[in-house]
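Atom set for the values below is all heavy atoms of this structure, side chains included, hydrogens, waters and symmetry mates excluded. If you read the sequence from its start, that first residue is 1, and numbering goes on from there.
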Amino acid sequence: VDFSPPERRKAVVSTQSTGGYMNKERAAQLAEKEARRQEEKFYEEQLAQTLQDEWSRAQELEQEAEKLKWESSKMYQQQLEYQLAEQEDAKRAAYEEFLKEKLLIDEIVRKIYDEDLREAEDRLKKQQQTRAYIEEFKKARQLWKE
């Protein structure tokens, strides 16, 4: 096709303007694609940060739960130890009270035994005195009969 200079010029300008339009369109598409890629990257980074924050929070909550569990276990152990100490003290106090009562009872039993022994000795002594008196009486009567 043989174009005359003004037609050629028109064709060149038309081609240039079509090429320029296409370059602008292509640049706009590339810019839009880059913007979408940047936006997607931003949202992915936000999502990753959110997930990281949630994971960190979950870790903190888990550590706090473990700490509370440990503290609860320690408090329970302390309560048990306190109860055991209280029971031991109560047993010791009861045993000491038992020993005091046993001493009192032993003392009462000893006094009763001593009193019974004295009474038995007194009875025996009176019996001996009565026998001796009867023997003297018999001797005196024998002497009087003679």
Q. How many angstroms lie between CD in Glu115 and CD1 in Ile108, if you round to the nearest 0.5 Å?
A. 12.0 Å

Q. Thinking salt bridges, do Glu34 and Arg37 make one under a 4.0 Å N-O criterion?
A. yes

Q: Please list, chain by chain and in numerical order, all residues satisfying salt bridge (Lys or Arg N to Asp or Glu O under 4.0 Å) with Glu97, sequence neighbours excluded.
A: none

Q: Give a yes or no on whether a salt bridge exists between Glu32 and Arg36, defined as a side-chain N under 4.0 angstrom from a carboxylate O.
A: yes

Q | Gap separating the CG atom of Leu61 from the CD atom of Glu54, nearest 0.5 angstrom | A | 11.0 Å

Q: Could you tell me which residues satisfy salt bridge (Lys or Arg N to Asp or Glu O under 4.0 Å) with Arg57, sequence neighbours excluded, listed by chain and number?
A: Glu60

Q | Side chain to side chain, Leu99 and Leu103, heavy atoms closer than 4.5 Å | A | no

Q) After noting the C-alpha distance and the side-chain angles of Gln52 and Ser56, does the key distance pass the side-chain contact (heavy atoms from CB on, under 4.5 Å) rule? A) CA-CA 6 Å; Gln52 178 65 35; Ser56 295; 3.5 Å; yes

Q. For the atom pair CG (Leu68) and CD (Gln63), what is the distance rounded to the nearest 0.5 Å?
A. 12.0 Å

Q) Rounded to the nearest 0.5 Å, how far does CD of Glu66 lie from CD of Gln59? A) 11.0 Å

Q: Quick one: list whatever passes salt bridge (Lys or Arg N to Asp or Glu O under 4.0 Å) with Lys100, sequence neighbours left out.
A: none

Q) Any side-chain donor-acceptor pair under 3.5 Å between Tyr133 and Gln129? A) no

Q) Rounded to the nearest 0.5 Å, how far does CD1 of Ile112 lie from CG of Asp116? A) 7.0 Å

Q. Under the salt bridge (Lys or Arg N to Asp or Glu O under 4.0 Å) test, which residues partner Arg141, sequence neighbours left out?
A. none

Q: Might you work through the salt bridge (Lys or Arg N to Asp or Glu O under 4.0 Å) test for Asp122 and Lys125, ending with a clear yes or no?
A: CA-CA 5 Å; Asp122 287 347; Lys125 193 175 186 181; over 6 Å; no

Q. Which residues satisfy the side chain to side chain donor-acceptor pair (under 3.5 Å) test with Glu40, sequence neighbours excluded?
A. none

Q: First locate atom NZ of Lys126, then atom CG of Leu124, and finally report the distance between them rounded to the nearest 0.5 Å.
A: 12.0 Å

Q.
Quick one, Tyr82 with Glu86, criterion side chain to side chain donor-acceptor pair (under 3.5 Å). Give me CA distance, side-chain angles, the key distance, then yes/no.
A. CA-CA 6 Å; Tyr82 177 77; Glu86 288 286 314; 3.2 Å; yes

Q. Taking NZ, NE, NH1 and NH2 as the nitrogens, is one of them in Asp114 or Arg110 under 4.0 Å from a carboxylate oxygen of the other?
A. yes

**Q.** Set of side chain to side chain contact (heavy atoms under 4.5 Å, CB included) partners for Glu81, sequence neighbours left out
**A.** Gln77

